[in-house]
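The structure under discussion appears below in the form of structure tokens.
Values reported hereafter were calculated over all heavy atoms of this structure, with side chains retained and with hydrogens, waters and symmetry mates removed.
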Amino acid sequence: MTLRGSPPPQRRPMAGPQARAAGWRALWCATAVVVLAVVAATAWPVPAQAGAVLDRVLQRGRLMVSVDPSYPPLSFTNGEGTLVGFDVDVGRKIAERLGVEVGFETPDWSAVLSGRWQGRWDLSVGSMTPTLERQQKLDFPAIYYSVPAALVVHAGNRTIRSAADASGKKIGVSEYSTYESYLTQTLAISVPNTPPFTFQIRDARIARFPDESTALKALATGDGRLDAALMALPPALAGIRDGLPLRVAAQPVFVEPLAVAIEKGDQEFGKRVAQAVESLHADGTLSRLSTQWFGTDFSH
């Protein structure tokens with residue numbers, strides 16, 4: 001690259017040891033520049049540069065939101081093949097506040113947690129709990145509601161009446177979830193002022209399922225495959241309302257603050273999303289949506 005400008009002033013040449021020392025210093029500096037350039041070129045890529053995702057969303061005029069297609073009443077496909085639910089509506093409202101249209105993607109939960117979205121979607125509205133582990137791969141601009149974790153058993157079960165009663169039992173959870181982390185006693189929620197909790201269930205035999213709905217159906221058979229299931233309260237209550245022979249044995253086992261998530265690296269996008277969620281809290285939109293879908297206001 002050629003630098004424009006006036007030529008530097010002429011310097012008198014140095015001789016002897018002083019010249020040699022200056023030469024070594026120049027060589028060292030040149031080498032350091034080359035090494036730094038190589039490191040920069042080969043470093044692990046940052047998923048999103050500052051402003052890149054926000055620019056993409058605004059230029060496209062559409063916010064692509066990832067949701068779970070099998071998580072009623074949070075997000076699911078109705079009889080007409082349309083995505084509906086609390087998380088779906090929250091995604092729509094965030095897009096409105098950003099002044100763009102909305103589109104939805106339904107990737108595997110593991111793909112969302114990976115943090116390597118490659119532009120396939122811009123925002124996750126998937127009722128995700130920020131944890132210390134997840135914060136290494138994702139940013140969480142805003143909490144949009146909080147729910148209790150619930151222990152669910154078959155309606156005919158009379159031996160499990162508290163969380164501690166489920167110790168040593170076979171418990172169903174969704175894979176890669178905070179409920180699995182709770183049972184392995186590795187759960188560490190990273191949101192300040194989250195209500196403290198203790199690990200009441202000891203030595204659980206964990207049965208992993210692709211989603212909560214599948215775990216509830218397995219528990220509802222009453223065939224002994226599961227003694228209980230641990231999940232967020234809303235999907236548990238939705239299953240009971242749909243006629244599954246289940247009951248909530250204990251809640252809250254712990255309380256989960258639930259956040260929207262973005263790829264790491266775009267602070268401007270995170271700021272705009274946080275402002276949108278704050279406005280949804282302030283005008284009561286989240287309160288109304290929570291009451292509509294859950295029958296209770298979990299938005300606080």
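The pair D211-K217 does not meet the salt-bridge criterion, since no charged nitrogen lies less than 4.0 angstrom from a carboxylate oxygen. The residues K264 and D139 are annotated as salt-bridged, a charged nitrogen and a carboxylate oxygen being separated by less than 4.0 angstrom. In summary, R120 and E105 do not engage in a salt bridge, as defined by a charged side-chain N under 4.0 Å from a carboxylate O.
At a cut-off of 3.5 Å, with distance as the only test, a side-chain donor of Y179 or E256 sits close to an acceptor on the other residue. Side-chain contact, S110 with D108: no donor N or O sits under 3.5 Å from an acceptor N or O. Inspection of the D297 and S287 side chains reveals an N or O donor paired with an N or O acceptor under 3.5 Å.
Connection of V255 to L286 is not established within any shared hydrophobic cluster, with ILVMFWY side chains joined at heavy-atom distances below 4.5 Å, either directly or through further cluster members.
Taking the six-membered ring where the residue is Trp, Y144 and F86 present parallel rings, their angle staying beneath 30° rather than reaching 60°. Ring-plane geometry between Y182 and F254 is classed as parallel, the angle between the planes falling under 30 degrees on a 0 to 90 degree scale with a further cut at 60.
For D266 (side chain) and V53 (main-chain N/O), a donor-acceptor pair under 3.5 Å exists by modelled atom type. In this structure, S174 contributes its side chain and S177 its backbone to no donor-acceptor pair below 3.5 Å. Between the side chain of R134 and the main chain of T129, a donor-acceptor pair closer than 3.5 Å is present.
The shortest distance between side-chain heavy atoms of H281 and H300 does not fall below 4.5 Å. When side chains are defined from C-beta on, M231 does not count as touching Y71, because their heavy atoms never get closer than 4.5 Å.
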_Full working for side-chain hydrogen bond (donor to acceptor under 3.5 Å, both in side chains) between D122 and W117_ = CA-CA 8 Å; D122 312 303; W117 299 353; over 6 Å; no
